[in-house]
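Below, all heavy atoms of this structure are taken into account, side chains as well, without hydrogens, waters or symmetry copies. Keep in mind that what you see is a predicted model, and the values were worked out from it rather than measured. First listed ligand is number 1; within each ligand, the first listed atom is number 1.
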Amino acid sequence: MDNKSVRGRRVVVIGTGGTIAGRATSALDNIGYSAAEVGVAELVQDLAPDGVTLLTEQVAQLDSKDMDFGVWQSLAERCSEWLALPDIDGIVITHGTDTLEETAYFLQSVLAPEKPVVLTCAMRPATALAPDGPQNVRDAVCLASGNADSAARGVLIVCAGRVHGAFDVQKVHTYRLDAFDSGDAGPIGHIEEGMLRRVREWPAGDRASADRVLERVRALPSDRWPRVEIVTSHAGASGRVIDALCASTAAGDALDGLVIAATGNGSIHRSVEAAALRAQEAGVAVVRATKCVEGRILPVVNATLRDAGKLTPVKARISLMLELMTRSAAPTPR
Ligand code: ASP
C-alpha cells in the first residue's frame with residue numbers, strides 16, 4: 001500500500017460553467033438550455049470514488065464561448081497554488097466544450113504540471129434525460145486522483161471515455177457525445193470502469209519555460225495581454241481585413257500579432273499574404289497555421305512568414321500571445 005492509499009487521495013474540482021452545468025426546462029431538450037447554471041459542488045455530488053476526497057472551487061460560471069483572459073489568469077493562478085500543495089493529487093476542471101481545447105492548451109503551456117490537471121465537459125445539459133456530464137466527471141476524477149493510473153500527469157481532457165492531451169485535442173463534432181479527437185496523434189488512452197488503458201505517452205512539458213510564462217501571466221493585468229487576431233485565408237479573400245486591423249493600431253488599439261488561418265500546407269491567398277507582409281514589416285508578429293483538421297505545416301524553403309507547425313489557428317494564437325508576453329518582459333537591448 002503506498003502513502004497515498006493510507007492517507008486517501010484529494011482532488012480539487014474547479015467549476016467554470018459550460019453545458020455540463022447547463023439547465024433546460026425539459027429533460028428532453030438537449031440543445032435549448034442555458035449553460036453555466038449549476039454550481040460545481042452540485043455537479044460532483046456522490047461522484048467521488050472510495051477513498052477520494054473532493055474539494056470544490058467555482059472560479060467562473062460562463063458559457064465557454066465567452067471565455068476570456070481574466071478567467072484564464074485566475075485558472076492559472078488557482079491551479080498553480082493547488083498543485084503546489086503536497087496533499088493534493090490532481091485537479092479536475094469542468095468546462096464548456098466550445099473553447100475547452102484553448103483553455104487546455106493555455107494551461108499546459110503555463111503549468112506543464114507533473115500532476116494531472118484534467119478538463120472535462122458535457123454535450124448535454126445537467127437536466128437531460130441521460131446527461132453525459134456525471135460519467136465524464138467521474139472518469140476525470142479517477143484520472144486526476146491517480147486511481148486510474150498513478151503516473152498520470154500533464155493537462156488532459158476526458159470526454160466520452162477517451163483521454164486526450166492538451167496539444168492535440170480538438171472539438172470535432174457539434175452534437176455527438178464523443179465530440180473530441182486528437183487527429184493523427186490519437187488519444188492518450190481510454191478510461192474503462194475507472195481504470196486507464198493507456199495507448200501513448202503523457203504530454204511532455206518543459207517546466208522551466210512554463211514557469212517563466214506563468215510568471216508573466218500572473219504579473220500582467222489580463223486587459224494588457226497582447227492583442228493577437230486570427231484572419232482566415234480562403235477563395236476570394238482580401239488583405240483589407242489585415243489593413244483595417246493595422247489601421248486600428250494607428251488609432252491606438254495596437255495589434256501585436258496576427259495568425260493567418262491558412263489553407264493546406266500553410267498557403268495563403270496572395271492578397272492576404274501581401275497585407276500580412278506589410279503588417280510584419282510594420283512590426284506585427286505574423287504566424288501561419290493550417291485550417292486542415294489533421295497534419296502539420298511542413299516547412300518550405302524561402303518562406304516569408306513563419307509557420308505554427310501542427311498548431312491549429314486558435315492554439316497558434318495562444319502560443320504567439322504567450323511568446324509576445326515573455327518577449328516584452330525581456331530587458332530592452334541597449
Ligand atoms: N456553449 C457551451 C460551452 O462551451 C457548449 C458546451 O459546453 O458544450 O460552454
Side-chain angles (χ1 to χ4, degrees), residues 13-45 47 56-76 78-79 91-108 117-141 143-144 155-166 168-182 187 191 222 230 293 312-315 317-318:
V13 186
I14 295 179
T16 68
T19 298
I20 193 168
R23 271 201 192 105
T25 49
S26 157
L28 298 175
D29 191 350
N30 287 325
I31 53 172
Y33 58 86
S34 302
E37 297 218 326
V38 183
V40 66
E42 198 178 321
L43 288 184
V44 302
Q45 226 161 35
L47 290 179
T56 59
E57 179 176 4
Q58 194 81 47
V59 162
Q61 188 63 298
L62 46 70
D63 186 317
S64 81
K65 71 180 175 57
D66 299 322
M67 186 51 68
D68 60 34
F69 296 161
V71 176
W72 279 359
Q73 190 175 43
S74 306
L75 278 177
R78 297 305 297 137
C79 286
I91 296 176
V92 169
I93 301 174
T94 58
H95 198 290
T97 55
D98 290 346
T99 56
L100 184 145
E101 69 212 56
E102 297 178 52
T103 301
Y105 180 81
F106 168 76
L107 290 176
Q108 175 66 32
V117 173
V118 186
L119 282 87
T120 195
C121 55
M123 290 297 283
R124 292 178 181 161
T127 48
L129 189 61
D132 52 329
Q135 186 65 53
N136 285 344
V137 171
R138 170 82 181 193
D139 290 348
V141 168
L143 192 59
V155 176
L156 307 164
I157 294 85
V158 165
C159 180
R162 300 208 293 166
V163 179
H164 302 274
D168 300 296
V169 74
Q170 275 192 76
K171 185 175 180 182
V172 293
H173 205 280
T174 55
Y175 188 72
R176 202 171 62 200
L177 299 190
D178 187 5
F180 288 87
D181 198 66
S182 290
I191 300 273
S222 59
I230 301 175
V293 283
T312 57
V314 287
K315 289 181 181 174
R317 173 176 179 260
I318 296 165

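Among residues two or more places apart in sequence or in another chain, the ring pair (Phe, Tyr, Trp, His ring centres under 6.0 Å) test is passed with Phe180 by none. With sequence neighbours excluded, the residues that form a side chain to side chain donor-acceptor pair (under 3.5 Å) with Thr99 are Ser64. With sequence neighbours excluded, no residue satisfies side chain to side chain donor-acceptor pair (under 3.5 Å) with Thr312.
Tested against Ile14, the residues Thr94, Val40, Leu75, Thr56 include a single side-chain contact (heavy atoms from CB on, under 4.5 Å) partner, Leu75. Screening Lys65, Lys171, His173 against Thr97 for a side chain to side chain donor-acceptor pair (under 3.5 Å) leaves a single residue, Lys171.
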Which protein N or O atoms sit under 3.5 Å from any N or O of ligand 1? Give each pair with its distance.
residue  : atom  : partner : partner atom : Å
ligand 1 : 1 (N) : Asp63   : OD1          : 2.7
ligand 1 : 1 (N) : Asp63   : OD2          : 3.4
ligand 1 : 1 (N) : Asp98   : OD2          : 2.8
ligand 1 : 4 (O) : Ser64   : OG           : 2.5
ligand 1 : 4 (O) : Thr97   : N            : 3.3
ligand 1 : 4 (O) : Asp98   : N            : 3.1
ligand 1 : 4 (O) : Asp98   : OD2          : 3.4
ligand 1 : 7 (O) : Thr19   : N            : 2.8
ligand 1 : 7 (O) : Thr19   : OG1          : 2.7
ligand 1 : 7 (O) : Thr97   : N            : 3.1
ligand 1 : 8 (O) : Thr19   : OG1          : 3.1
ligand 1 : 8 (O) : Thr97   : N            : 3.2
ligand 1 : 8 (O) : Thr97   : OG1          : 2.3
ligand 1 : 8 (O) : Ala122  : O            : 3.4
ligand 1 : 9 (O) : Asp63   : OD1          : 3.2
ligand 1 : 9 (O) : Ser64   : N            : 2.6
ligand 1 : 9 (O) : Ser64   : OG           : 3.4

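Considering CG of Asp68 and CG of Leu62, their distance stands at 6.5 Å, rounded to 0.5 Å.
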